[in-house]
Amino acid sequence: MKFSILVFQVILINFAFTSVAFAQENNLEPKKTSIRKVSKIPYLNEIEKSYTSAELLTQTPIPSKKPETTDNPEQNSTTNESEPKIEDDGAIIIDVTGKKDNLPQSTPTYVIEKEEIEKQGATSVSDILKKMPGFAINDSGHGADIHTGTYYRGASINQSVFLINGRPINTNVNTYHGATDLNSIPVEAIERVELYSGAASTLYGSSAFGGVVNIITKEGSRNPRLNATAEFGDLNFNNQQLSYAGATGSLRYNLSFERSFIDNRYRVPEGAANRDERGYLFNADTATSTYFGSFAFDVDPRNTLSLDVTKLSSRRGLIYFGFPLQRDRLDHDNLNIGLAWKIRLGNGNSSVLTTTLGYNQDYFNTYGPSSQYYRTGTLDTQLYTARIDHEWQLTPNNKLRWGLDLQNTDLNGDVFSTVPTRSTLNEKENESLLNTSLFAVNTWNITDNFQVDLGLRQSFDSKFGNYLKPSVGLKYDIVPALAVRGSWADGQRNPGLDQLYVYDTVHGWLPNPDLKPETGSSWTAGIDVRFSKDLTGQFTYFGSSLDNRLGVVQGKWENIGLVDTNGFEAALRWKIASGWSTFLNYTYTDAKIKTGTDKGLQLGLIPYSVASAGIGYENRGWQANLYATYYSGARRSLYVRTGDLTTDFSPSFFNLDFSARVPVTRNLGLTVYLENLLDEQYERVNRIYSPGFTFRLGLTSNI
């Protein structure tokens with residue numbers, strides 16, 4: 001009932017926006033639809049490189065010179081240029097069909113495209129993110145567990161915002177059960193992943209202390225295409241991917257399926273988490289199946305309807321509960337549906353109105369024996385979203401992006417334990433939360449080389465009241481090869497519904513209905529430098545101050561106090577020669593606890609230093625890529641063995657991975673992924689160890 005009212009409100013507001021904006025925009029001249037910029041400093045999407053060279057991790061493709069639409073497009077023609085591009089060497093390159101989000105440039109926007117994702121051999125979104133600047137990811141790779149964490153600039157996964165095609169997929173529950181499962185979107189369906197922060201975060205939520213991750217999925221193609229991949233490797237790994245894209249008249253569609261399994265049973269050292277009596281990692285197997293479909297229909301030259309649906313089924317063991325042996329299992333089922341209506345108002349593209357409705361259901365169920373006892377916990381979360389987003393070029397030097405966000409979360413919690421001391425906590429809990437937000441970001445070009453972003457987000461929350469969060473950013477092009485930029489954003493992240501109300505049977509953690517929101521601010525300052533035609537760097541200082549941070553104290557959720565974070569990230573890209581390119585990303589994060597019993601300590605599981613680098617070569621379908629990773633180790637703050645200290649750090653490690661593609665025929669290729677070339681069984685995080693050297697072999701076909 002609540003959501004029906006929200007939908008009705010959205011439709012009314014949408015028609016109001018349409019009528020008012022259309023009347024006003026018809027008076028604008030087409031020639032006044034672009035912001036004047038004379039700086040030659042490239043953004044990430046402006047670096048010109050051949051599509052046949054090895055892509056850099058933070059590089060976007062060359063923008064098309066054709067506008068997205070024209071004033072008089074051909075009737076029933078698609079607005080996306082969907083045909084495969086054929087290069088001189090005969091390689092077929094499928095083009096980008098999704099639209100890059102138009103964002104403020106006062107903080108860096110990092111983008112990784114599907115070509116680089118394929119070269120890495122990524123099997124999940126966490127695999128994709130772990131080589132991007134700012135990220136420290138412990139929950140990807142062999143033996144990974146959802147509890148080990150994803151951190152961006154020292155912020156946890158729940159202190160960032162995750163989107164699919166611009167709509168939120170975070171649910172308002174904590175990171176131990178219902179946070180964003182980075183395996184929930186099939187890699188085969190991903191067109192690219194965008195990462196941004198600062199004033200841009202105002203568009204999507206005040207909880208983005210870290211940043212915003214926007215996952216853009218593939219659309220259809222006027223020329224039908226069929227892609228298939230089959231991979232096999234160590235530890236009984238097997239992965240199959242299949243996708244088909246096509247079009248019928250004005251309807252474009254893309255359908256994908258992906259299935260993956262790995263048993264993750266390998267020998268681990270004494271003292272490792274979940275080591276069985278034979279010395280093997282126990283209960284770490286993972287099986288996932290995902291289905292994806294996207295449909296885009298051009299109603300007329302200025303109206304487009306789009307629908308995308310993702311269905312996930314995941315079954316896995318849990319290992320990250322320390323000692324003794326952990327036997328609990330996790331079932332995760334997810335359904336995500338999004339419907340969007342995009343209207344181009346007035347003349348040209350000076351005014352674009354997008355209305356989006358979304359539904360996201362996350363079903364998490366943990367169960368298993370604990371000695372002679374049994375326990376189970378279910379969190380079934382349903383998130384309904386509605387959004388109106390109006391991007392309006394008011395004048396040649398002034399652009400306004402504003403709109404309305406509605407989010408309604410329903411949580412059903414069901415916990416049961418046979419442990420005598422905990423049986424009184426068995427319960428069923430039903431809770432709801434409604435959050436309405438108004439947002440606006442104004443981008444103003446004061447001069448040809450000086451840009452200012454001003455943002456406001458006003459939230460109305462059914463449990464935590466009303467709060468206004470501002471943001472500001474600036475970018476100044478000093479000379480054509482050097483620019484400085486900075487941003488500041490105020491934020492608030494509210495406790496999850498399960499942290500407030502639902503007992504955690506697996507961990508034995510008690511909820512706390514008196515929890516306060518996490519509040520604070522984040523900031524960045526940086527420079528963009530073009531050292532030469534082929535060498536570009538971005539350097540960013542970042543920081544945040546977060547009060548009332550949530551944590552567990554003596555088995556109960558509490559506000560643990562103040563955490564200050566300061567750090568530095570660098571992203572270098574260099575095209576060495578034709579067909580050759582390289583990258584280097586480095587992040588230093590100092591996340592200090594300022595109050596409480598852990599005062600002065602680094603936040604647990606967050607390393608001080610993370611670095612990744614790569615060099616790649618590509619020519620006529622042949623590819624070879626070498627990746628290096630350095631990880632300084634992180635504080636073992638949870639589930640320590642008897643005698644361990646919470647001040648202990650895991651050792652640092654250095655890792656090398658190799659990937660290659662060998663063309664067999666024009667449309668068939670052999671892929672090779674060699675991971676951990678040094679064959680070192682390093683500790684990934686908190687007593688979870690890598691298996692040493694592993695390999696994967698696969699065949700890919702594009703028809």
Side-chain angles (χ1 to χ4, degrees), residues 41-49 53-62 100-101 103-113 115-117 119-120 122 127-137 150-155 160 192-198 200 210-214 473 475 477 481-487 522-543 566-576 580-589 607-616 625-632:
I41 299 177
Y43 296 133
L44 293 173
N45 64 329
E46 296 175 339
I47 299 175
E48 297 185 356
K49 285 183 49 176
S53 66
E55 298 290 340
L56 303 177
L57 289 184
T58 58
Q59 179 190 317
T60 63
I62 306 167
K100 185 179 184 300
D101 208 345
L103 299 165
Q105 297 295 327
S106 51
T107 55
T109 299
Y110 302 115
V111 179
I112 182 169
E113 299 287 344
E115 291 84 3
E116 181 59 42
I117 294 172
K119 292 172 187 176
Q120 293 179 33
D127 275 339
I128 296 171
L129 296 176
K130 68 182 181 181
K131 289 187 175 70
M132 296 186 77
F135 270 99
I137 295 184
T150 294
Y151 302 92
Y152 180 59
R153 294 177 176 173
S160 295
R192 66 182 177 275
V193 177
E194 302 173 348
L195 170 63
Y196 33 84
S197 58
V212 177
V213 176
N214 193 10
K475 185 172 186 288
D477 302 337
L482 178 65
V484 296
R485 50 180 164 74
S487 69
S522 59
W523 54 88
T524 67
I527 60 173
D528 300 332
V529 185
R530 186 165 187 169
F531 298 101
S532 67
K533 178 182 178 181
D534 299 318
L535 177 60
T536 307
Q538 293 183 292
F539 306 91
T540 304
Y541 163 77
F542 60 86
N566 292 277
F568 171 78
E569 69 187 28
L572 289 169
R573 304 181 307 279
W574 183 23
K575 180 184 176 184
I576 304 173
W580 288 88
S581 62
T582 185
F583 74 91
L584 172 64
N585 296 326
Y586 172 76
T587 304
Y588 175 82
T589 306
Y608 282 107
S609 293
V610 175
S612 60
I615 185 170
N625 304 277
L626 182 65
Y627 299 101
T629 303
Y630 171 76
Y631 200 93
S632 70

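Keep in mind the model is a prediction, meaning the values are calculated, not measured.
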For this session: For Arg153 and Ser522, test the side chains for any donor-to-acceptor distance below 3.5 angstrom and give the result as yes or no.
Result: no
For this session: Specify the closest pair of heavy atoms between Pro133 and Ala571, including all atoms of both residues, with the distance to one decimal.
Result: CG-CB, 3.9 Å
Exercise. Between Ser609 (side chain) and Ser632 (backbone), is there a donor-acceptor pair under 3.5 Å?
Worked result: no
Problem set entry | Side-chain heavy atoms of Arg573 within contact of Gln538, under 4.5 Å | yes
For this session: For residues Phe135 and Tyr152, establish whether the separation of their ring centroids is below 6.0 Å.
Result: yes
Problem set entry | Side chains of Asn566 and Tyr541 in contact at under 4.5 Å (non-hydrogen atoms) | yes
Seminar exercise, completed: Residues Gly616 and Asn625: closest non-hydrogen pair is CA-OD1, 3.5 Å
Problem set entry | Atom of Lys575, atom of Trp580 and distance for their closest heavy-atom approach | CG-O, 3.6 Å
Exercise. Looking at CZ of Phe568 and OH of Tyr586, how far apart are the two atoms once the value is rounded to the nearest 0.5 Å?
Worked result: 8.5 Å
For this session: Take Lys130 and Tyr631, measure what side-chain contact (heavy atoms from CB on, under 4.5 Å) needs, and give me the verdict at the end.
Result: CA-CA 11 Å; Lys130 68 182 181 181; Tyr631 200 93; over 6 Å; no
Seminar exercise, completed: When rounded to the nearest 0.5 Å, the distance separating NZ of Lys131 from CD1 of Ile137 is 10.0 Å
Problem set entry | Taking every non-hydrogen atom, the tightest pair across Tyr588 and Phe542 | O-CZ, 3.5 Å
For this session: Keeping the roles fixed (side chain from Thr587, backbone from Gly134), state whether a donor-acceptor pair exists under 3.5 Å.
Result: yes
For this session: Answer yes or no: is there a side-chain heavy-atom contact under 4.5 Å between Leu584 and Trp574?
Result: no
For this session: Report the distance from atom CE of Met132 to atom CD of Glu194, rounding to the nearest 0.5 Å.
Result: 9.5 Å
For this session: For Arg485 and Phe539, work out which heavy atoms get closest and say how close.
Result: NH2-O, 3.6 Å
Problem set entry | Intermediate values then yes/no, side-chain contact (heavy atoms from CB on, under 4.5 Å), Ile112 and Gln120 | CA-CA 11 Å; Ile112 182 169; Gln120 293 179 33; 3.1 Å; yes
Problem set entry | Residue pair Tyr151 / Pro607, side-chain heavy-atom distance below 4.5 Å | no
For this session: Please confirm whether the backbone N or O of Gly614 pairs with a side-chain atom of Thr582, one donor and one acceptor, at under 3.5 Å?
Result: yes
For this session: Of all the heavy-atom pairs spanning Ala483 and Asp477, show the shortest one and how long it is.
Result: CB-OD1, 3.4 Å
